[in-house]
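Since the structure comes first, as structure tokens, the remarks are kept for the end.
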Amino acid sequence: MTEYSVLITTSPFHGDTAIRALAFIKAAIANGDSINNVFFYGDGVYHTNSLMLHTGDSHFAYGEWENLANRHSIQLLVCITAAVKRGIVSQQEADANGINFSNLNAPFQQAGLGEFFTTLHECEKLVQF
């Protein structure tokens, strides 16, 4: 059994990256492997924006990330610096900066690169999409 960490750096609007990442994770779990965490970095943080609505004309990954996290206890870590640069703000950041709402909600959680690097030591393989 292999333990993976998954790094998402591509926007959900860029090709079929989200579909491929989700398919990989589901296949790994079906194979008996485990996913320690998914870390959203760079444009990958756009996957975590709770204000995105499903328009019906494209794949909607947000709900699938939520389902995977809740069903399989997978940590969904979001780079705080990359997120705030792109307007994705947790309640903690909203409160600290006088913003009236947040769009980064559970099961997604903000984290720093240091936390991500620490979790990598718990995994055997890193896969990037």
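This chain uses plain numbering: 1 for the first residue, then up along the sequence.
Across Q92 and Q110, no two heavy atoms sit closer than the pair OE1-NE2, 3.2 Å. Scanning all heavy atoms of the two residues, the minimum distance from S11 to H47 falls at C-NE2, 3.8 Å.
Residue pairs satisfying the side chain to side chain donor-acceptor pair (under 3.5 Å) criterion with at least one member in residues 71-88, sequence neighbours excluded, are listed as follows: D43-R86. For the ring-ring contact (aromatic ring centres under 6.0 Å, His included) condition, the pairs that include at least one residue of residues 81-114, sequence neighbours left out, are F40-F108, Y62-F108. Identified under the salt bridge (Lys or Arg N to Asp or Glu O under 4.0 Å) test for residues 103-114, with sequence neighbours left out: none. Evaluation of the salt bridge (Lys or Arg N to Asp or Glu O under 4.0 Å) test over residues 89-98, restricted to residues two or more places apart or in two chains, returns none.
Tracing side-chain contacts under 4.5 Å through hydrophobic residues (I, L, V, M, F, W, Y), one never reaches V45 starting from I80; they form parts of separate clusters. Hydrophobic clustering, with ILVMFWY side chains joined whenever heavy atoms are under 4.5 angstrom apart, groups V38 together with V127.
Evaluation of the ring pair (Phe, Tyr, Trp, His ring centres under 6.0 Å) rule for F13 yields no partner, not counting sequence neighbours. With sequence neighbours left out, the side chain to side chain donor-acceptor pair (under 3.5 Å) criterion links S50 to N105. Applying the side chain to side chain donor-acceptor pair (under 3.5 Å) test to N37 and every residue at least two apart in sequence or in another chain returns S5, T119. Every residue was checked against the side chain to side chain donor-acceptor pair (under 3.5 Å) condition with T10, not counting sequence neighbours, and none meets it. Residues satisfying the side chain to side chain contact (heavy atoms under 4.5 Å, CB included) criterion with A94, sequence neighbours excluded, are V89, Q91, I99, S102. The side chain to side chain donor-acceptor pair (under 3.5 Å) test applied to N36 returns E3, E122, not counting sequence neighbours.
The closest donor-acceptor contact from the side chain of T9 to the backbone of F129 lies under 3.5 Å. Between the side chain of N103 and the backbone N or O of G87 there is at least one donor-acceptor pair closer than 3.5 Å.
Taking 4.5 Å as the limit, every side-chain heavy atom of Q109 sits out of range of all side-chain heavy atoms of V78. Contact of the Y4 side chain with the C123 side chain is not registered, since no non-hydrogen atoms from C-beta on lie closer than 4.5 Å.
Hydrophobic cluster membership for Y41: L7, F39, L77, L113, F116, F117, L120, L126 (Ile, Leu, Val, Met, Phe, Trp, Tyr linked by side-chain heavy atoms under 4.5 Å, directly or transitively).
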Would you be so kind as to tabulate the donor-acceptor pairs closer than 3.5 Å made by side chains of residues 20-32, with sequence neighbours excluded?
unit_1, atom_1, unit_2, atom_2, d
R20, NE, D16, OD1, 3.1
K26, NZ, E64, OE1, 3.0
N31, ND2, D33, OD2, 3.1

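Considering CD1 of I88 and CG of N49, their distance stands at 5.0 Å, rounded to 0.5 Å. To the nearest 0.5 Å, atoms CD (E66) and CD1 (I74) are separated by 13.0 Å.
Side-chain contact annotation: E124 with T2, donor-acceptor N/O pair under 3.5 Å absent.
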